[in-house]
There are 2 protein chains.
Amino acid sequence: MESRIERLCVERGLKMTGQRRVIARVLSEASDHPNVEELYRRAALLDSRISIATVYRTVRLLEEQGILEKRDFGGGRARYEATEHGHHYHLIDIDTGKVIEFADEAHEALMQAVAARLGFDIVSVRLELFGRRREADLPAGDQATAPRPAEEAALQGRPPR
Amino acid sequence: MESRIERLCVERGLKMTGQRRVIARVLSEASDHPNVEELYRRAALLDSRISIATVYRTVRLLEEQGILEKRDFGGGRARYEATEHGHHYHLIDIDTGKVIEFADEAHEALMQAVAARLGFDIVSVRLELFGRRREADLPAGDQATAPRPAEEAALQGRPPR
DNA sequence: TTAACTGCAAAATATTTGCAAATTA
DNA sequence: TAATTTGCAAATATTTTGCAGTTAA
């Protein structure tokens, strides 16, 4: 079965090798933000004839094609996720390293406004909140935007302060 | 004369060596976002008995002390700026690599609200807009927040899309 | 005096690349 | 078949670290 990212590759006229197909599938199925080493690990489970150099080359290619986005949540390794239909941002729990995704309409509009004020069109946005879980958590109020489940993979190294 | 950052170091009980004093001064006087190599270059002009290892150790120390903040604007090298009194964010011109700082009250409030909704207190924020200058620039409207002058140092390597 | 700091060079970490062989279109 | 892609290992690039000597407090 053709994965979503494989389809995007074909649309862009990229040559589909076995390795590239496997990497595309792994990326399509990821719901977290894996780094290259993790992608390599997952890809190698499906097809051991894949080298880490190919994974590096592939994520770079896909990033250049606008199919993937590179993230940096601290920890030294770049992490990747598929370019999303709707924008979303990240809140990183500095104690556990968990990443929570969220979306916010108001933010969207505000950033456009700020950029316009400075004479720019926004090409991409990086918005990351580093926070700490509240001791006395608020009783669940009106959640305009429900958070997606946090991912498992913890960050290596200490997060920026 | 004691630089601002040197004073902060002393307040925190750090031992003030000649090298550290010079690095503190260079950092205090920087109005841009230098990387370690650039800091080393500037420091070495004032005192050639400084090694780049010391610069690395010093920025890490100062970051741990909350005196400096680490930034990543693409290009592979971490960049540093003194922790600010008021928060501000960055807009990176993807064609020239220039960094424009801006502040925005509304953003501030909004981010607090988003974090609160998810049950977090914000410890720090990373907000970077990557944009392209408008062809037909708007006639200067009401600028609630004036931009600070863009910095000179161009980014090495291609910026994230 | 001594705990903290430094320079140097080597190590560690992450990513890129040259090249010959393999593969897709 | 031709142009692209791959694996391997070596090369790069950035940052960290061990250690012996130096220095601030």
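None of the values given here were measured: they were computed from a predicted structure. Below, chain A is the first sequence line, B the second, and so on; all start at residue 1.
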Quiz item: Taking it one step at a time, do A:L27 and A:L68 satisfy side-chain contact (heavy atoms from CB on, under 4.5 Å)?
Solution: CA-CA 9 Å; A:L27 284 166; A:L68 278 191; 3.8 Å; yes
Self-check item: Sub-6.0 Å ring centroid separation between B:Y80 and B:H33
Solution: no
Quiz prompt | Nearest-angstrom distance from the residue atom CG of B:L61 to P of C:dA4 | solution = 12 Å
Exercise. Find the distance B:D47:CG to D:dT22:C1' and express it as a whole number of Å.
Key: 14 Å
Quiz prompt | Salt-bridge contact A:R60-A:E63 (side-chain N to carboxylate O under 4.0 Å) | solution = no
Practice problem: Please report, rounded to the nearest Å, how far the P atom of D:dT5 is from the CD atom of A:E64. | Solution: 11 Å
Quiz prompt | Whole-Å distance separating the NZ atom of B:K70 from the C1' atom of D:dT14 | solution = 11 Å
Quiz prompt | Strand contacts (DNA chain C) in residues 8-23 of chain A, 4.0 angstrom heavy-atom criterion | solution = A:K15, A:M16, A:T17
Quiz item: Is any NZ, NE, NH1 or NH2 atom of the basic residue among A:K70 and B:D72 found under 4.0 Å from an Asp or Glu carboxylate oxygen of the other?
Solution: no
Quiz item: Whole-Å distance between D:dT15 C1' and B:E63 CD?
Solution: 13 Å
Practice problem: Mind calculating the distance between CG (B:D72) and P (C:dT15) to the nearest angstrom? | Solution: 12 Å
Practice problem: Evaluate the side-chain contact (heavy atoms from CB on, under 4.5 Å) criterion for residues B:Y89 and B:E108: first the C-alpha distance (whole Å), next the side-chain angles of each, then the deciding distance (0.1 Å), finally the verdict. | Solution: CA-CA 10 Å; B:Y89 312 107; B:E108 208 78 35; 2.8 Å; yes
Quiz item: Rounded to whole angstrom units, what separation is found between the CZ atom of A:R79 and the P atom of C:dA14?
Solution: 13 Å
Self-check item: Lys/Arg-Asp/Glu bridge criterion (N-O < 4.0 Å) met for B:R25, B:E29
Solution: yes
Practice problem: Could you state whether A:V36 and A:L45 fall into the same hydrophobic cluster, counting links through intermediate Ile, Leu, Val, Met, Phe, Trp or Tyr residues with side-chain heavy atoms under 4.5 angstrom apart? | Solution: no
Quiz item: Is it the case that one hydrophobic cluster holds both A:L110 and A:V125, taking links as side-chain heavy atoms less than 4.5 Å apart, direct or via other members?
Solution: no
Quiz prompt | Earlier contact from the 5' end, DNA chain D, for B:R49 and B:I52 | solution = B:I52
Self-check item: Between C1' of C:dT15 and CD of A:E37, the distance in whole Å
Solution: 12 Å
Quiz prompt | Side-chain H-bond candidate by donor/acceptor type, A:E81 with A:H88, under 3.5 Å | solution = yes
Atom pairs under 3.5 Å, N or O on each side, protein against nucleotides 17-20 of chain C: can you list them with distances?
residue, atom, partner, partner atom, Å
C:dT17, OP2, A:R60, NH2, 3.2

